[in-house]
Amino acid sequence: MTRVLQISDPHFGTETADVVDALLAFARDCAPQAIVLSGDVTQRARRGQFAAAQAFLERLPAPVIAVPGNHDIPLFNLWARWRHPYRNYRRVFGDSLEPELETPELLVIGVNSTRPARHKDGQIDEEQVQRVAERLTRAHARQLRIVMLHHPVRAWLEDDRENVVHGRQAAVAAWSAAGADLVLGGHIHLPYILPIGVGDPQRTWAVQAGTAVSHRVRGDVPNSVNLITYDASTRHCVVERWDHGAEGFGCFQRTAVALMGAHES
Ligand SMILES: [Fe+2]
């Protein structure tokens, strides 16, 4: 079994210390092969906030692949926003804003949906659509194929329609046709799973995560993370939402997502 832990929107600078500790304990317990971090690592892209994030990342028990969120670009410092928007982010995560992680049973492709010229909206360009689609076509049949970006490709609530990423229609159509299984996102601090893309029934899924450790929760939705479990021999995949509560992180919801090429059993 391959296990992937999705952590999103920790917004270091607004983190709750006991939730951070609970998440580290949960990560150790579930022993994932990879941890995917879908942006808004910090609240205001400050150096100290990235340092706090780095200290957290160093305590995680698996390799981490990350993409930036709109909060990882300076908001008030217009000079920094214009001249070197990702400087502090890159101190922690290195030069690539669109990294890739591959194992025999897993392919994670990062997409940078942030744009310094936009306030908080995200965008996917044609070049990104094509690059990711081309990479997906070279995936192995056994791999769980994940595309990760910060902004959602599909809204669940009417209120969130203004928060979905620009360029989503072309991106979802191309990536789904090229074999994407899951498109991971964050940004709106609301966890949900929806079928998207081409095919009937649809075999590509939008998987949204809540905020992992920030006190900036949305309404009564608590801190949460997603645990993705994948059996490469059958292509069976389960996405679990784990919410933070008095006893630490506990499983709130378990969704079996049907993938292309899954074996009946
Ligand atoms: Fe965001």
Side-chain angles (χ1 to χ4, degrees), residues 5-16 19-20 23 35-47 49-50 52-53 56-57 64-78 80-81 85-90 92-93 97-99 108 110-125 128 146-168 171-172 182-194 206-219 221-226 241 244:
L5 177 62
Q6 183 189 7
I7 296 175
S8 198
D9 297 76
H11 288 267
F12 276 91
T14 68
E15 76 275 25
T16 305
V19 183
V20 171
L23 179 52
I35 295 172
V36 295
L37 177 50
S38 41
D40 282 0
V41 179
T42 65
Q43 176 62 11
R44 283 288 167 244
R46 295 192 177 122
R47 218 168 154 163
Q49 294 172 349
F50 276 111
F56 167 75
L57 296 172
V64 177
I65 175 173
V67 290
N70 49 301
H71 278 260
D72 298 319
I73 298 172
L75 178 62
F76 302 119
N77 183 341
L78 295 179
R81 187 178 178 88
Y86 301 102
R87 184 166 68 179
N88 287 343
Y89 179 90
R90 283 180 157 132
V92 176
F93 296 102
L97 304 175
E98 302 193 307
V108 183
V111 175
N112 173 24
S113 59
T114 65
R115 295 293 182 273
R118 291 190 180 274
H119 175 52
K120 64 182 175 65
D121 282 12
Q123 186 175 319
I124 307 167
D125 294 331
Q128 292 173 304
I146 293 177
V147 181
M148 174 172 66
L149 60 157
H150 176 62
H151 294 83
V153 292
R154 180 70 57 84
W156 181 44
L157 300 178
E158 187 68 27
D159 282 359
D160 283 321
R161 294 189 66 163
E162 65 184 28
N163 289 318
V164 293
V165 65
H166 298 270
R168 62 194 170 278
V172 168
L182 309 177
V183 180
L184 307 188
H187 186 54
I188 52 178
H189 300 192
L190 186 69
Y192 57 86
I193 300 171
L194 290 172
V207 176
Q208 286 289 132
T211 168
V213 297
S214 172
H215 64 68
R216 298 173 75 252
V217 293
R218 178 163 167 168
V221 181
N223 290 120
S224 69
V225 293
N226 290 328
R241 167 183 159 186
H244 181 261

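For ligands, and for the atoms within them, numbers begin at 1 and follow the listed sequence.
- Within a 6.0 Å radius of CZ in Arg118, more than 12 heavy atoms belonging to other residues, nucleotides or ligands are found.
- One finds no salt bridge joining Asp159 and Arg218 here, because no Lys/Arg side-chain nitrogen approaches an Asp/Glu carboxylate oxygen to under 4.0 Å.
- Protein atoms that are N, O or S and lie under 2.8 Å from the Fe ion (ligand 1) are these: Asp40 OD2, Asn70 OD1, His150 NE2, His187 ND1.
- Side-chain atoms of His11 and Ser214 include no donor-acceptor pair closer than 3.5 Å.
- Using a 4.5 Å cut-off on side-chain heavy atoms (C-beta onward), Val67 and Val111 make no contact.
- Between Arg115 and Asp125 there is a salt bridge, since a side-chain N of the basic residue sits under 4.0 Å from a carboxylate O of the acidic one.
- A heavy-atom distance below 4.5 Å is found between the side chains of Tyr86 and Thr114.
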